[in-house]
Amino acid sequence: MPPDLSTTFTGLRFPNPFLLSSAPPTESESNILRAFEAGWGGVVTKTIGLHPVVNVVGPKTKFLRADADSPHLSMKKRPAAALHSSWNWELISDKTLDWWVPRLGRIKKAFPQHILVASIMAGSGSDTELRHWQELATACQEQGCDALELNLSCPHMDRPDMGSNVGKDQQLVSIVTKSVKEVSTVPVWAKLTPSTTDIVVEARGAFLGGADAISSSNTFTSLPLIDPATLDFEVHVDGLVSTGGLGGPAILPLSLAKISQLTQAFPNKSFSGIGGISLFEHALNYFLLGCGTVQICTAAMLDHAVGPNVIRELTDGLERFLEAKGWRRIDDVVGVRRDRVVAQSKIRRPTEKEYRGGYEAEGYAEPTTV
Ligand SMILES: Cc1cc2nc3c(=O)[nH]c(=O)nc-3n(C[C@H](O)[C@H](O)[C@H](O)COP(=O)(O)O)c2cc1C
């Protein structure tokens, strides 16, 4: 029997565990329709808000590349450079809820078997703002959206009660999640920011508020590099820049560390892994650490805007992997390497000498005498 690529996550059946994450690949009806045609199991829409936003002048996303033969890193286009990361300071969708509503309904009718997740965001500083979350949630689920993803993680919102500023506050995370859960009839995923000291704290807030899953990671707070010739940031407007978000290959190991913390702290909960995925072997890390689905942005942006080759590679890779290992479904491997991540002190030492976690002098080299 051929392997079964489908999976069930937060009670929803996905044709495959690969989703486009909330970002430019999912910013329009035509993109999302093309994505489903290409074979993505699900998409998370570009984050929908109630009020229109206006982006900065000029590019909202740039790609940092590394030379093969030197440590040089730059966003300047040049031959034979490898992708290091994406950097963006794009805000949420510049289209309002009214624009999205009929489109969500049409998309769901055209692809009823594929999973459509609406990413939503509002403020959270007052009861009125919390009702905005509820308004967004209700409108999207009425159009047939299968789940809601709460954007508690955009790193470049100025308001202290929006985006990653909410995601840094366990109580706000809990309050927003609970408000949405009060009106939701579909699963609610909380997308958390990686830019906190201990993501387990905020995840606990989300689960206390009733979240059905955590999505992690959004982009990491970061700055573009300064060009040594001009002394300007490689992205700037009138010489000025603000912090934006890093995605792509550079964040794969960083995001895996966050996921490992989360899945160890909540082994029975659901997680959607995001960050630096372009090949099945990248996605496999997330599955083995305990994620039931994964999401992709940067790699898809660089592949005909919605990643037709990326999703082909992911599904082919999954099929090859299951066949080679003799497993039937991805669910058979979810979490099987979760418990291999342990404290330093649990790792074997080269000699019998006991390691005391760095509290005593053993393990350090003798000072050299000249
Ligand atoms: C240009 C751009 C826009 C994004 N917009 C959103 C957004 O509206 N909502 C959201 O939750 N995440 C947003 N993200 C974050 C991505 O969904 C994803 O979490 C992040 O890029 C890490 O995945 P990657 O390494 O595959 O790019 C955006 C990312 C980029 C590059």
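Order of appearance sets the numbers: ligands from 1, and atoms from 1 within every ligand.
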Student: Please state whether Lys191 comes within less than 4.0 angstrom of ligand 1, counting heavy atoms only.
Tutor: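 Yes; Lys191 lies near enough to ligand 1 that a heavy-atom distance drops under 4.0 Å.
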Student: Name the option, out of Leu91, Asn218, Val310, that contains the heavy atom nearest to atom 15 (C) of ligand 1.
Tutor: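 Ranked by closest heavy atom to atom 15 (C) of ligand 1, first place is Asn218.
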Student: May I ask you to decide if the ring planes of Phe36 and Phe111 are parallel, tilted or perpendicular, using 30° and 60° as cut-offs?
Tutor: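 Plane angle between 30° and 60°, so tilted.
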Student: Checking the N or O distance criterion of under 3.5 Å, is ligand 1 in contact with Ser86?
Tutor: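 For ligand 1, there is no N or O atom that lies under 3.5 Å from one belonging to Ser86.
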Student: Under a 4.0 Å threshold between the charged nitrogen and the carboxylate oxygen, would Arg159 count as salt-bridged to Glu129?
Tutor: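 Yes.
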Student: Check for me whether Arg329 meets the cation-pi criterion with Trp327, that is, NZ or CZ under 6.0 Å from the six-membered ring centre and within 45 degrees of the ring axis.
Tutor: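 Because its charged atom misses either the 6.0 Å distance or the 45° angle limit, Arg329 does not stack over Trp327.
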Student: Any salt bridge between Asp332 and Lys325, counting N to O under 4.0 Å?
Tutor: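 Salt bridge: no.
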Student: Just go through Ile120, Asn55, Thr219 and tell me whose heavy atom is the nearest to atom 20 (C) of ligand 1.
Tutor: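 Answer by nearest heavy atom: Thr219.
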Student: Tell me, which protein residue and heavy-atom name are nearest atom 23 (O) of ligand 1, and how many Å apart are they?
Tutor: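 For atom 23 (O) of ligand 1, the nearest protein heavy atom comes out as Ile274 CG2, 3.5 Å.
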Student: So if you build clusters from Ile, Leu, Val, Met, Phe, Trp, Tyr with side-chain heavy-atom gaps below 4.5 Å, do Trp189 and Ile274 land together?
Tutor: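 Hydrophobic grouping puts Trp189 apart from Ile274.
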Student: Where the side chain of Glu202 meets the backbone of Ser174, is there a donor-acceptor pair that is under 3.5 Å apart?
Tutor: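 Flag not set: sc Glu202 to bb Ser174 has no pair under 3.5 Å.
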Student: Given that the side chain starts at C-beta and the backbone is N, CA, C, O, which of these parts of Asn88 lies under 4.0 Å from ligand 1, counting heavy atoms, or is it both or neither?
Tutor: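 Near ligand 1, Asn88 shows its side chain, while the N, CA, C and O stay back.
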Student: Work out whether the distance between some heavy atom of Cys154 and some atom of ligand 1 is less than 4.0 Å.
Tutor: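 No, that is not the case, since the closest heavy atom of the residue is not under 4.0 Å from the ligand.
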Student: Thr193 and Ser164: side-chain donor and acceptor closer than 3.5 Å?
Tutor: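 The criterion, which ignores hydrogens and geometry beyond distance, is not satisfied for Ser164 and Thr193.
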Student: Does ligand 1 have an atom under 4.0 Å from some heavy atom of Ser217?
Tutor: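 A heavy atom of Ser217 does come that close to ligand 1.
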Student: Determine whether any heavy atom of Gly276 lies closer than 4.0 Å to an atom of ligand 1.
Tutor: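 Contact check Gly276 vs ligand 1: positive.
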Student: With nothing but distance in play, are any N or O atoms of Ile92 less than 3.5 Å from an N or O of ligand 1?
Tutor: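 No; every N/O pair is 3.5 Å or more apart.
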Student: Can a donor-acceptor pair be found, under 3.5 Å and without considering hydrogens, that links the side chain of Ser22 to the backbone of Thr47?
Tutor: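 Between the backbone of Thr47 and the side chain of Ser22 there is a qualifying donor-acceptor contact (under 3.5 Å).
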Student: Regarding ligand 1, does Ser153 bring an N or O atom to under 3.5 Å of one of the ligand's N or O atoms?
Tutor: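 Between Ser153 and ligand 1 (N or O atoms, distance only) the closest approach is not under 3.5 Å.
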